[in-house]
Amino acid sequence: MLIPSPNVAENHQYYNALELQKAGAAVVIEEKNLTGDGLVKTVETLLTSPGKLAEMGANAKTLGNPHSLDLITEKLLKLVNG
């Protein structure tokens, strides 16, 4: 579940969150639509849907790069060491 801040440059958190939602990897609640009751309902829905949570986790995993730490480290070391 993602609640992106609208107070960032060009609302990039919202657009990034939407991509995860489109991929079936997240549920997005805009801050302007956030209520206590709505939040509780969303959490309850997710907690009572273990299959949905597993599906979202699997979808999220397909979006990542398992080697990202190595790639970032390699690039940083090149910058530092010249």
Open item on the list: Please determine whether side-chain contact (heavy atoms from CB on, under 4.5 Å) holds for the pair V27 and M56, giving the CA-CA distance in whole Å, both sets of side-chain angles, and the decisive distance to 0.1 Å.
Closed with: CA-CA 9 Å; V27 173; M56 289 171 70; 3.8 Å; yes
Open item on the list: What's the separation between atom CD in Q13 and atom CG in N7, rounded to the nearest 0.5 Å?
Closed with: 9.0 Å
- [ ] Give a yes or no answer on whether the side chain of T35 reaches the backbone of G38 with a donor-acceptor pair at less than 3.5 Å.
- [x] yes
Open item on the list: Show the nearest heavy-atom pair for residues E31 and P6, with the distance to one decimal.
Closed with: OE1-CD, 3.6 Å
TODO: Can you see which heavy atom on V28 is nearest to which on Q21, and at what distance?
DONE: N-OE1, 2.8 Å
- [ ] Using modelled atom types only, decide if a donor and an acceptor are shared between the side chain of T48 and the backbone of T45 within a distance under 3.5 Å.
- [x] yes
- [ ] Look at the side chain of N33 and the backbone N and O of I29, then say whether any donor-acceptor pair between them is shorter than 3.5 Å.
- [x] no
TODO: Would you give the length of the straight line joining atom CG of L20 to atom CG of N59, rounded to the nearest 0.5 angstrom?
DONE: 10.5 Å
Open item on the list: For K22, is there an ion pair with E19 - N to carboxylate O distance below 4.0 angstrom?
Closed with: yes
- [ ] Report yes or no: do M1 and L47 belong to one cluster of Ile/Leu/Val/Met/Phe/Trp/Tyr joined by side chain heavy-atom distances under 4.5 Å?
- [x] yes
Task: Atom pair CG/CD1 of L39 and I3 - distance to nearest 0.5 Å - done: 5.5 Å
Task: NE2 on H67 to OG1 on T73, rounded to 0.5 Å - done: 13.5 Å
- [ ] Identify the two heavy atoms, one from N65 and one from L71, that lie closest to each other, and give their separation to 0.1 Å.
- [x] ND2-CD1, 3.5 Å
TODO: Return the minimal non-hydrogen interatomic distance between L63 and A23, and the atom names on each side.
DONE: CD1-CB, 3.8 Å
